[in-house]
Each structure stands twice: as structure tokens, then as C-alpha cells.
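To start, the structure itself, in C-alpha cells.
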Amino acid sequence: MKTYGSESIRNVAFVGHGSAGKTTLVDALAFISGSSRRHGAIKDGTTLTDTSADEIERKHSISLGVGHAEWMDTKLNLLDTPGYLDFYGEVASALSVADGAVVVLSGTSGVEVGTEKVWEDCDRHHLPRIIFVSQMDKEHANFEKVFNDVREHLTPKVLPVEIPVGDGFDFKGIINLFSGTCQMFRAGSKTGEYDEGPIPAAYQDVYARYSDQFAEAVAATDDTLIEKFLGGEKLAREEVVPAMRKAILAGDIVPLFCGSGEHMYGVRTLLTEMVELLPSPVELPKPADAPLVGRVFKIISEPHVGDVSLFRLYAGHIRNGDEVWNHEHSVAEKLGHLSIQQGKERFEVPELFAGDIGSVAKLKDTHTNDTFCRRDHPVHLDPIEFPVAEATSAVVVKQRGEEDKLAAGLHKLHEEDPTFHFEYNSELGQTLIHGLGERHFEIILGRLQKKYGVHAELARPRVAYRETIKGMAEGQGKHKKQSGGRGQYGDCWVRLAPLARGSGYEFIDNIVGGVIPNKFIPAVDRGIQEAAARGTLAGYPLVDFRAECFDGSYHDVDSNEMSFKMAGIMAFRNVAPKARPVLLEPIMMIEVFTPSEMMGDVLGDLSPRRAQILNTEAAGRLTKVNALVPQAELYRYSTTLHSITHGRGTHREKFHGYAETPPDVAAKVAAENKDKMKHEEE
Ligand SMILES: Nc1nc2c(ncn2[C@@H]2O[C@H](COP(=O)(O)OP(=O)(O)OP(=O)(O)O)[C@@H](O)[C@H]2O)c(=O)[nH]1
Ligand SMILES: [Mg+2]
């Protein structure tokens with residue numbers, strides 16, 4: 001492999017809705033360029049970038065795949081991203097290192113939810129873009145419709161550079177407005193070969209319409225060109241390309257190309273245009289001013305290799321085996337086996353220049369989002385913003401004794417995937433996982449099994465209920481035992497009263513005249529707290545109440561701390577049921593973002609979840625619903641929301657506080673916990 005300086009590098013992310021044809025296109029680009037020897041196909045599980053068993057089996061991308069194509073003395077780093085939103089973390093990684101994007105649309109489906117989402121993120125990153133309408137060969141492909149879709153839903157700045165000759169089964173060729181020529185595909189060609197010729201007679205009108213529009217839009221970006229254009233002169237390709245390149249970089253034009261990844265039509269042109277129209281790393285602002293800056297944007301853990309870190313070099317030049325400094329973790333790292341990726345293959349290289357993307361194996365303490373630099377010039381780049389994990393589930397092992405392995409496996413998976421988190425919740429006695437959705441969890445469980453030998457499944461998270469009292473009551477707790485030698489004696493009178501929500505617990509010592517000796521009173525307090533922790537209704541901690549100890553008696557010989565603690569416990573158990581106990585449940589404050597036309601459905605779904613709708617407000621193109629919803633009703637909410645809104649809705653939740661449950665819910669929870677309560681009585 002040649003070495004490529006910074007000007008000869010293009011980092012391009014392939015983004016778009018699921019099944020638009022990204023992986024097929026990336027495979028075709030690498031193959032046509034000659035950089036990849038095999039022409040792969042999704043149906044055979046042989047593409048360059050869908051290489052994991054999960055991807056091959058499910059026939060869609062799950063992880064970011066990195067390949068490259070050498071074309072016109074330029075190295076194109078191709079970043080193939082998954083379209084499903086459950087794997088959007090991979091898109092975030094790719095966008096953070098890309099200098100440009102190819103937004104892939106399917107000629108049959110046009111702009112979809114995933115396209116809109118990633119388009120907005122490209123906007124945020126100010127990424128220069130090319131649109132490629134693939135699958136033009138597929139039945140019902142419709143170029144005009146897709147073009148109008150783009151204009152309406154993505155950007156009015158879209159400018160077709162290519163138009164198809166025929167749609168769907170009639171797709172026979174591509175007219176190029178740059179050159180004013182037409183590529184007619186050779187029947188039976190496996191590698192998208194074509195004959196270049198004049199515009200077919202039947203397409204003269206269409207051509208005239210599109211090329212006028214094209215020339216005008218390009219001319220408008222440049223003073224000399226506009227003069228020529230207005231003077232009726234024809235613009236030459238040599239002057240159009242640089243003008244267009246500038247306009248794309250400024251975000252003033254988004255060129256649109258078309259073809260078929262599967263049949264490799266339009267793929268050569270796309271290779272050329274990525275080189276000609278997208279910026280090299282030197283044309284973009286540097287993220288930091290230092291002699292050496294690199295950042296790990298993804299870690300892949302491989303069975304026999306260990307951790308492989310994918311990184312982008314932003315400044316400086318590195319050689320295989322160089323030592324770099326990780327400022328975050330204060331550790332020197334050796335860049336061993338410096339390589340470039342071609343799908344799952346890695347080729348060792350002697351050196352890499354600023355702007356390039358590479359991989360290294362076995363870093364000691366460098367994680368996704370860590371910057372590396374020179375020790376005497378420490379830098380830290382702004383972190384990649386990963387999507388928030390809005391889905392939660394509990395996870396349980398199928399075989400007892402695998403709990404430790406579970407934690408270790410989850411930890412590794414979190415290191416690989418920053419959108420996945422987990423925690424052990426000791427109150428619930430459950431391991432909770434947080435991620436982007438059900439599909440994400442499925443993949444996590446599969447990896448746990450395949451990579452770490454842990455058999456686990458999803459479970460409903462338990463709810464951390466609480467209890468409290470609504471009334472005042474008082475009564476006695478007397479513990480007296482006479483068994484042979486020394487006896488036990490403790491006796492207290494306790495009054496319980498409710499406190500405001502969130503106040504916790506208060507103990508008042510109102511003993512007068514030493515009817516209980518001072519030294520035993522803390523034991524009464526402890527007894528009450530211990531009993532309260534086990535509740536009175538359903539076995540959940542009873543909170544927000546005051547206990548006042550106002551009377552009692554003791555025995556000179558038999559009384560001790562233990563006996564008074566027992567008396568405290570008994571007093572609580574005696575009095576709490578008389579103080580109108582109720583069950584409290586955690587309430588979440590949720591923000592739901594939904595397209596307005598689906599608002600009715602979203603609200604309709606929230607109401608049986610016992611939601612209290614606070615208000616709705618506009619949030620960009622979406623509507624935001626603010627509501628309070630019991631946590632118990634939010635299990636798998638993100639999945640339901642996705643299905644109601646066809647993948648367009650998202651939500652965030654935050655703990656709000658505890659509120660009393662309706663009596664029927666309390667009764668149900670109490671019934672479920674009856675066994676537990678009995679057990680604890682013993
Ligand atoms: N007819 C036709 N089919 C295509 C073309 N490109 C892709 N396909 C098929 O469409 C399906 C999806 O293609 P992929 O390349 O996996 O699409 P993707 O955008 O990578 O999908 P995700 O990874 O799920 O986001 C596969 O069955 C492909 O064989 C094309 O140009 N023409
Ligand atoms: Mg794919």
C-alpha cells in the first residue's frame with residue numbers, strides 16, 4: 001500500500017436509514033477501486049463491512065465497519081454505519097471522524113425516519129454531504145419522487161448531478177450533468193461497465209431541464225461563473241468542479257447522484273466525485289493545536305487479538321511502534337501493529353499521516369473517546385456525544401453461579417459500546433442494563449453468550465416501592481421472656497405520625513421520669529427503624545414518619561438493649577397497621593418527543609399508563625409532551641414509543657419523586673409480596 005499524505009485522504013461516513021443500501025455500496029466502492037478483491041453480497045453474508053456473525057445472520061449492520069478504496073491517488077476511508085437507531089452510537093463514532101458523508105437513500109423508499117435523524121446530526125457536525133440514491137434498479141424505484149422527497153424533507157439545496165435513464169426494471173443508464181454525457185450499462189456486466197455516449201433522444205427534454213437548473217445553481221456560487229452563465233456561455237467541467245467543491249464545503253450545495261450498489265452502476269463516478277468534491281482533512285478546521293493529536297473512536301474486542309482500537313489522527317505523523325501519551329489516564333501507550341482496516345482484515349503499515357484512520361492492538365489503558373498526544377503537549381478533544389441510553393431492562397443469568405461472569409462480560413461490552421451501561425441495584429437485587437432499545441439488548445445478550453459464555457436473559461426490572469402512613473396511631477410493644485436463668489424485658493409505648501413527603505424519619509424521645517432508662521432509648525429507635533425498613537403493607541421500606549416514644553417500663557435485672565430493640569420492633573408492627581399505611585411508587589418525569597401528527601396516539605398510549613400530562617410544547621420539528629408517569633408503567637416504553645411513532649419518537653426520563661399508589665395497585669403489589677412478608681415474620 002502506498003503512503004498517503006493528508007491532502008490525499010478522504011474520510012467519508014456512509015449514513016442513512018436501515019436497508020438503504022450502504023453496506024452494499026461500500027462493498028462495491030472498495031471492489032471497483034481494486035482495493036478489495038471480493039465482490040460481496042448481503043444475501044451471501046460476504047460484504048466487506050458486515051462481518052460479525054450477528055450481522056451476517058440478521059442481514060443488517062450492527063457495528064461501524066471501516067474499509068478503504070484507493071482511487072485517483074487518493075485514499076478513501078469508508079465508514080459504513082448501521083441504519084437502525086438501536087445502533088446509533090456507531091453513527092456518532094463515524095460522524096466524529098468523518099470529513100464528509102454520503103447519505104444513501106433507496107430509490108424505492110426515499111427519505112425515511114433514519115435519514116432525517118442522521119441528516120440533522122450531519123448538520124450539527126457541519127459535514128459536507130453527497131446524496132446517493134441507490135437501488136435505482138429495484139422495482140418501483142422512482143427518481144423524481146426521491147428527489148422531491150429530499151427537497152421537501154432534507155434540504156432545498158439539493159442539486160442533481162446525475163439523472164437515471166429509466167427507473168426500476170427499466171433502469172438502463174445514467175446521464176451526467178458535469179460531462180453532458182450518458183453512461184449506458186452493458187447488459188450482463190458484473191462490474192457496472194458502461195458505454196459512454198450522447199444523451200438519448202427521449203431524454204433531451206429532461207436533460208435540458210435538469211442541466212439548466214444545474215448550471216444556474218453552480219454559477220450562482222461564483223462571480224466569474226455567473227457572468228459567463230448570464231452571457232450564455234457553457235461552463236466547463238474544470239471550472240464547475242472547484243466551484244462546486246467550495247459550495248459543498250460551505251453547505252450551499254448538496255449534490256445528488258444515483259445508481260445501484262448491487263449492480264455497481266454509478267459506483268465509479270461516486271468514487272471520482274468523493275475525491276473531487278469532498279474535502280481532505282487539511283481543508284477543515286483543526287480540533288486542537290498541537291504537534292500530535294489522535295483519538296480513539298471505537299474499540300472492537302476480538303477473540304484472539306484482544307482489544308483493537310480504531311483511531312483517527314488529527315495532527316502529526318506516527319510510525320508503527322511509536323509511543324504516545326494518553327493524558328486522561330496519564331499513561332504512555334505503544335502503537336503496536338499499526339494498521340489500516342479493510343473490513344475485518346487489517347494490514348500493518350509503517351506510518352500514518354494526519355487525517356488518516358488506523359487501528360492498533362492492545363493498548364493498556366486507552367478507551368473510546370480518549371485523546372492521545374505528545375507528553376509535552378497534552379491535549380484533550382471534546383468528547384464524542386453518544387446517544388442517551390433511554391431503554392432499561394433487568395438481566396438475569398439462566399444458570400446459577402454465573403453472576404460474576406455476567407458482571408465481567410457486561411463490563412467488557414460497555415467498554416466496546418459507550419451507549420451501553422449496566423449497574424447492580426442492591427435495593428432491587430437486580431442487575432439493570434441501559435441501552436438504546438430492545439434490538440440493542442438482544443445483540444448484547446448474544447455477545448455475552450458468544451464471547452463470554454454467559455447465558456442470560458432479560459427480565460422486568462423490579463420497582464422500588466415505599467410505604468408510608470397517613471394517620472396517627474399509638475400503641476405498645478412489649479418483649480418479655482422468662483426462660484430459665486436471666487430473662488428479657490423491654491416495654492415501650494410509641495406514637496407514629498406522618499411527615500411530609502421526602503422528610504424521611506424522625507424519632508422523638510418523650511420519656512419522662514426515667515420509665516425507660518436513657519441508655520435503652522436508642523435501642524427502641526433502632527428497633528423501630530429496623531421494622532420500618534421491612535414495611536407493614538407489602539414489605540417495602542416505610543418512610544416519611546415520626547415515631548415518638550412516650551411511655552414504657554423496665555426491669556432492673558432482665559432489661560437490656562436487645563430487649564428494648566425487640567420492644568421497638570413490636571411497637572412498630574403493632575401501631576403501623578393502625579396508622580393508615582399506604583403504598584408509594586416512584587414517579588418519573590418524562591419528556592416525549594414526537595411528530596405532531598402522532599401526538600394523539602402518544603397521549604392515548606400514556607393515559608392507561610396512569611400518566612399525568614403536564615403540558616405539550618413545540619420542540620423544533622417535533623412536539624414535546626411533559627408528563628409524570630409511574631415507573632412501574634414505563635417498562636419497554638421506548639419500544640412502544642418507537643412503534644407508535646414509526647421510529648421517530650424518543651423520550652427521556654428522570655426520577656421525580658414518590659406518590660401514593662391507587663388502592664388497587666397497592667392491593668396487587670401487597671398480594672404479590674405476601675409470601676415475602678410471611679417469610680420475614682418468622
Ligand atoms: N436491487 C438492489 N438491491 C439492493 C441494492 N443495494 C442494496 N440492496 C439490497 O437491499 C438490502 C439492504 O442492503 P444493505 O446494503 O444491507 O443496506 P444498509 O443500508 O447497509 O442497511 P443497514 O445496515 O441495516 O442500515 C440487501 O438485501 C441488499 O442486497 C441495489 O442497489 N439494488
Ligand atoms: Mg449496512
Side-chain angles (χ1 to χ4, degrees), residues 14-29 31-32 39-47 49-50 55-61 80 82-84 102-116 118 130-154 158 160-176 182-195 199-203 205-207 209-210 256-270 646-647:
F14 288 75
V15 296
H17 193 81
S19 290
K22 301 174 288 295
T23 302
T24 304
L25 182 62
V26 165
D27 184 277
L29 290 162
F31 177 73
I32 288 280
H39 174 202
I42 293 284
K43 68 173 179 354
D44 304 328
T46 51
T47 57
T49 46
D50 278 3
E55 292 176 318
I56 291 169
E57 184 193 324
R58 288 160 206 257
K59 300 197 170 19
H60 61 74
S61 307
D80 175 29
Y84 278 118
V102 171
V103 180
V104 182
L105 299 181
S106 134
T108 55
S109 324
V111 174
E112 296 170 88
V113 182
T115 335
E116 284 182 281
V118 76
I130 287 179
I131 294 175
F132 187 80
V133 183
S134 196
Q135 313 209 26
M136 276 309 301
D137 60 297
K138 215 169 146 187
E139 190 178 4
H140 305 310
N142 184 335
F143 181 78
E144 285 280 335
K145 186 189 161 291
V146 176
F147 172 45
N148 287 329
D149 238 19
V150 171
R151 240 189 331 203
E152 192 179 324
H153 297 291
L154 297 183
V158 57
V161 179
E162 289 182 332
I163 45 176
V165 177
D167 295 295
F169 293 155
D170 290 332
F171 182 44
K172 285 193 288 286
I174 300 174
I175 293 170
N176 189 298
C182 178
Q183 304 176 352
M184 294 301 284
F185 310 132
R186 270 188 218 156
S189 157
K190 292 257 188 301
T191 50
E193 258 131 61
Y194 53 81
D195 296 304
I199 315 291
Y203 276 80
D205 286 353
V206 181
Y207 172 68
R209 180 158 50 90
Y210 276 103
L256 181 142
F257 295 84
C258 68
S260 158
E262 190 131 309
H263 294 279
M264 305 201 168
Y265 297 148
V267 168
R268 266 166 225 276
T269 310
L270 183 60
H646 306 293

- request: Describe, in one word, how the ring planes of Phe185 and Tyr265 are oriented to each other, choosing from parallel (under 30°), tilted (30 to 60°) and perpendicular (over 60°).
  value: parallel
query: So, the side chain of Asp27 versus the backbone of Thr47: is there a donor-acceptor pair under 3.5 Å, distance only?
result: no
- request: Mind checking the CD1-OG1 spacing from Ile42 to Thr24? Nearest 0.5 Å is all I need.
  value: 4.5 Å
message: For Ser260 and Phe171: C-alpha separation, side-chain torsions, deciding distance, then whether side chain to side chain contact (heavy atoms under 4.5 Å, CB included) applies.
response: CA-CA 9 Å; Ser260 158; Phe171 182 44; 4.3 Å; yes
task: Verify, without hydrogens or angle tests, whether Thr191 (side chain) and Glu193 (backbone) share a donor-acceptor contact under 3.5 angstrom.
output: no
message: Using modelled atom types and a 3.5 Å cut-off, is there a donor and acceptor pairing between side-chain atoms of Lys145 and backbone atoms of Gly107?
response: no
query: Atom NZ of Lys190 and atom CE of Met264: how far apart are they, to the nearest 0.5 Å?
result: 11.0 Å
message: If I take atom NE2 from residue His153 and atom CD from residue Glu112, how far apart are they, to the nearest 0.5 angstrom?
response: 11.5 Å
- prompt: Nearest heavy-atom pair of Asp50 and His60: which atoms, and what distance?
  reply: OD2-C, 3.6 Å
- request: Report yes or no: do Thr23 and Ser61 form a side-chain donor-acceptor pair below 3.5 Å?
  value: yes
query: Would Ile130 and Leu270 count as a side chain to side chain contact (heavy atoms under 4.5 Å, CB included) if you check the C-alpha gap in whole Å, the side-chain angles of each, and the deciding distance to 0.1 Å?
result: CA-CA 9 Å; Ile130 287 179; Leu270 183 60; 4.1 Å; yes
task: Flag yes if more than 12 heavy atoms outside Asp44 fall under 6.0 Å of its CG atom; otherwise flag no.
output: yes
- prompt: So, does Gln135 use its side chain to make a donor-acceptor pair with the main chain of Ala20 at under 3.5 Å?
  reply: yes
- line: Looking only at heavy atoms, the pair that brings Cys182 and Ile175 closest together is SG-CG1, 3.9 Å
message: Do Asp195 and Gln183 have side chains that approach each other closer than 4.5 Å (heavy atoms only, starting at C-beta)?
response: no
task: Can you measure from CZ (Phe143) to CG (Asp149) and round to the nearest 0.5 angstrom?
output: 12.0 Å
task: Verify, without hydrogens or angle tests, whether Tyr194 (side chain) and Gly266 (backbone) share a donor-acceptor contact under 3.5 angstrom.
output: no
statement: Value for CZ (Phe14) from OG1 (Thr49), rounded to nearest 0.5 Å, stands at 9.5 Å
query: What's the shortest heavy-atom distance between Met136 and Pro164, and which atoms?
result: CE-CG, 3.8 Å
statement: dist Tyr84:OH -> His17:NE2 (nearest 0.5 Å) comes out at 7.5 Å
field: Derivation of the side chain to side chain contact (heavy atoms under 4.5 Å, CB included) call for Ile174 and Thr269
entry: CA-CA 10 Å; Ile174 300 174; Thr269 310; over 6 Å; no
field: Check: Ile199 and Val206 side chains under 4.5 Å, non-hydrogen atoms
entry: no
field: Glu162 side chain to Cys258 backbone, donor-acceptor under 3.5 Å
entry: yes
statement: In terms of heavy-atom contacts, Val104 and Ser134 come closest through CG1-CB, 4.2 Å
- prompt: So, do Ser19 and Ser106 sit near enough that their side-chain heavy atoms are less than 4.5 Å apart?
  reply: no
